[in-house]
Protein chains: 2
Amino acid sequence: MGTYKVTIEDVAALAGVGIATVSRAINNTDGISPKTKEKVLAAVEELGFIPNSFAQNLKFRQTKQIALAVPDIRNAFIPEIAYSVEQVAKHYGYRVVQINTLGNIRSELELLRDMKKLHVDGLIILPLAYPKTLKDLINKASLPISIINYGKTLDTDVKADIVSLSTPEGKLVMEHLISIGRTRIGYAGAPKEIIEERFFAYEDALDQIDRSLVYFGDDFSLQTGAKAADYFVNLTHMPDAIYAGNDMVAVGLLNRFKELGIRVPEDIAIVGVDNNLLCTITTPKISSVSIMGAEVAKVATELLLQRIEEQKKGLFERVQFEPRLIVRESSLSRTRSTHHIE
Amino acid sequence: MGTYKVTIEDVAALAGVGIATVSRAINNTDGISPKTKEKVLAAVEELGFIPNSFAQNLKFRQTKQIALAVPDIRNAFIPEIAYSVEQVAKHYGYRVVQINTLGNIRSELELLRDMKKLHVDGLIILPLAYPKTLKDLINKASLPISIINYGKTLDTDVKADIVSLSTPEGKLVMEHLISIGRTRIGYAGAPKEIIEERFFAYEDALDQIDRSLVYFGDDFSLQTGAKAADYFVNLTHMPDAIYAGNDMVAVGLLNRFKELGIRVPEDIAIVGVDNNLLCTITTPKISSVSIMGAEVAKVATELLLQRIEEQKKGLFERVQFEPRLIVRESSLSRTRSTHHIE
DNA sequence: AATAGTCGTGGAAACGTTTCCGAATTAATT
DNA sequence: AATTAATTCGGAAACGTTTCCACGACTATT
């Protein structure tokens, strides 16, 4: 329709008033009589006038937009986070700009460097790695930032709100595997540079580490899980349990083991991390640690938006969530393997 | 940093030139001597000046932003689409605003109504349903729109580029099931209002329909699949194959059948739609139709951005993709069930 | 050496709002 | 009825760009 370029002046002309009056009418500002207000609103309706938000932004120095930077929206638990962020943002009247950093550290840095250019009111970032340069950039950035933090140890003096999991997820996994009587516990996942805490939990839980029980693949994928399974099977002394760095790896392990005729959990127990939907649809179902994606994202977004709205400087929040272990069939103890949990 | 409010005037002052000259320098416009250009750029660098994009937007009537409206980012194949859209957009220098319509028709309508308020340069929409009102709104909307279309028949006179799958995905499924010798084929999925073509393909492929072999659940979820399995098992005359409306339903069916001691594919074959990752990690692996999410999204985005950049009016594209059937274990023919496919 | 033509530059208008401020009208107070 | 106070309204500035236009300085042509 050609009705697009309707401006406040057109409305003013039609209503026979000044533009200031129109502005007052549509913004419910004081200082306008009910009668003229009605007249103006009628004109607005007739012309289908919608305020140009650039002009408003220019005026207010606000965009009502936040950016959400994640490694890759296609990854396991990220959609849940993206969804949660958008719901909260919508509730506050904000929009969400989506950015995939591709877990590329350079890309995360560039992102922050370009932040001003983006002209968003705030940023939620889920960093894959956490180099010092990133921290410096965050501290130098002149806009509110919330960090969703999985498995990294962050410096405490970062000028951003941080929502993270307090207990390393892996700790729960290891304690559980030990509690069901497993003694040769292996690890499979991406190299420790990626999400180091997941692997550190493994090291911490054991008195001494048998390096042959640790498999580092390229990433946290099904393929990595499958390759890990092949690796473990060829050991002269196989593990009796495996802590998988995430659920994708766990599923990859499980499927390959099944193909190779190895029973889970009888021969090997498997526990993953993320509590992905996948865990409930495999046979056996896979025990996993829920990392509370929706909740974490919700709080991170709320903190960010409150900071924006209240123009809060300093006093950065540190919120901790506790991961939850959900025990399923893949890690039932042998002695009570008939006992049904979940 | 307090460097935030740096404006073009500050740069001009520092460089000792006028603001017009600064503008010319940073935009590589003609009519400026190399010497002053250098001087200006030095000032830009020193002050860390970044043009205010609102002001630019206001000037250019452009946002360099597009909106992507999907039912729910958490759903099966949507993240792949979102990812693909963002990649293409980035390549063109555009940003993507993410909107979950929640498959709520009202919400999709409101979205279009609010489109002008959003002030994006274009919209990519993946509609769940396709009521006439939506078409009217699209036609009335004054901004470029690309529709990603799965399983709906759209009026040809919609004023938008449309990228869709040509053959109803379900046709492939039905032909395949018939070709492997199944005679009592059932359907399980959401009510036909949701993605009607998927069910229509079922009707079309059969000479006569046994209503008892059709199960409509609430949605396309694991639960719907499980409930459907319960339903089919209780029939006096069970089907020997099931066309599942999507992979979630297929997985739900499979798992419940396994719990009930029914063998797949020996007793019942199952084929899903979407070619979700899930299909490869179940036992048996599930045959499915790939709906080419990444490719469809890529083309839809390219069409939109080209339309925006070239200010193209009319001449709306209709791009068709062919779905691809990927045969896995869940629908091997009984007679050659030892033959390994994928 | 004088004129025409380039080139480089700055001033100012324009994009569409919001809001300050002053003017004009109306209502309230004595 | 006259002054004051309150209310309603319009003009204009401001937000930070880009770009049109005009002007001056310089080079090149005769």
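Reminder, nothing fancy here: chain letters follow the sequence lines and each chain counts from 1.
Few gaps surround NZ on B:Lys135; more than 12 heavy atoms of other groups in view lie less than 6.0 Å from it. No more than 12 heavy atoms of other residues, nucleotides or ligands sit less than 6.0 Å from atom NZ of A:Lys159. Within 6.0 Å of CD in A:Glu9 there are 12 or fewer heavy atoms belonging to other residues, nucleotides or ligands. In the displayed structure, A:Gln320 atom CD is contacted under 6.0 Å by more than 12 heavy atoms of other residues, nucleotides or ligands.
One finds a side-chain N or O of A:Thr36 lying less than 4.0 angstrom from the OP1 or OP2 phosphate oxygen of D:dC9. Phosphate contact (OP1/OP2 of C:dC15, side-chain N/O of A:Thr7, threshold under 4.0 Å): absent. Side-chain nitrogen and oxygen atoms of A:Gln56 include at least one within less than 4.0 Å of the OP1 or OP2 phosphate oxygen of C:dT18.
Listed candidates were C:dC15, C:dT17, D:dC15. Nearest to the side chain of A:Arg61 is D:dC15. Comparing C:dT18, D:dT18, C:dC21 by their nearest atom to the side chain of A:Lys59 picks out C:dT18. The nucleotide whose nearest atom lies closest to any side-chain atom of B:Asn52 is, among C:dT18, D:dG16, C:dT17, D:dG16. The side chain of A:Ile32 has D:dC9 as its nearest neighbour among C:dT19, D:dC9, C:dC15.
One interatomic measurement links the two molecules: CG of B:Leu58 to C1' of C:dA13, which rounds to 13 Å at whole-angstrom precision. Computed from coordinates, the B:Gln62 CD to D:dT17 P distance equals 18 Å when rounded to whole Å. Counting to the nearest Å, the C1' atom of D:dA13 and the CD atom of B:Glu9 are 14 Å from each other. When rounded to the nearest whole Å, the span between CD1 of B:Ile8 and C1' of C:dA12 equals 14 Å. Distance, B:Asn27 CG to D:dT18 P: 4 Å, rounded to whole Å.
The only member of A:Gln87, A:Glu86, A:Lys90 that meets side-chain hydrogen bond (donor to acceptor under 3.5 Å, both in side chains) when paired with B:Asn100 is A:Glu86.
Residue A:Asn57 is classed as having no contact, given no heavy-atom separation below 4.0 Å to the nucleic acid. Looking at heavy-atom distances under 4.0 Å, B:Ser23 makes contact with a base. Residue B:Thr29 is classed as having no contact, given no heavy-atom separation below 4.0 Å to the nucleic acid. Looking at heavy-atom distances under 4.0 Å, B:Phe60 makes contact with sugar-phosphate atoms alone, never a base.
Against DNA chain C, the stretch residues 10-21 of chain A makes heavy-atom approaches under 4.0 Å through A:Ile19, A:Ala20.
With B:Asn27 contributing its side chain and B:Thr29 its backbone, the two residues share no donor-acceptor pair below 3.5 Å. Of the possible donor and acceptor atoms, one in the side chain of A:Gln98 sits under 3.5 Å from a partner among the backbone N and O of B:Ala82. Remark: the backbone N or O of A:Phe54 is not paired with any side-chain donor or acceptor of B:Asn57 at under 3.5 angstrom.
For the pair A:Phe54 and A:Arg24, both in contact range of DNA chain C, the more 5′-proximal nearest nucleotide belongs to A:Phe54. Checking B:Asp30 against A:Val22, the closest nucleotide of DNA chain C that is more toward the 5' end is the one next to B:Asp30.
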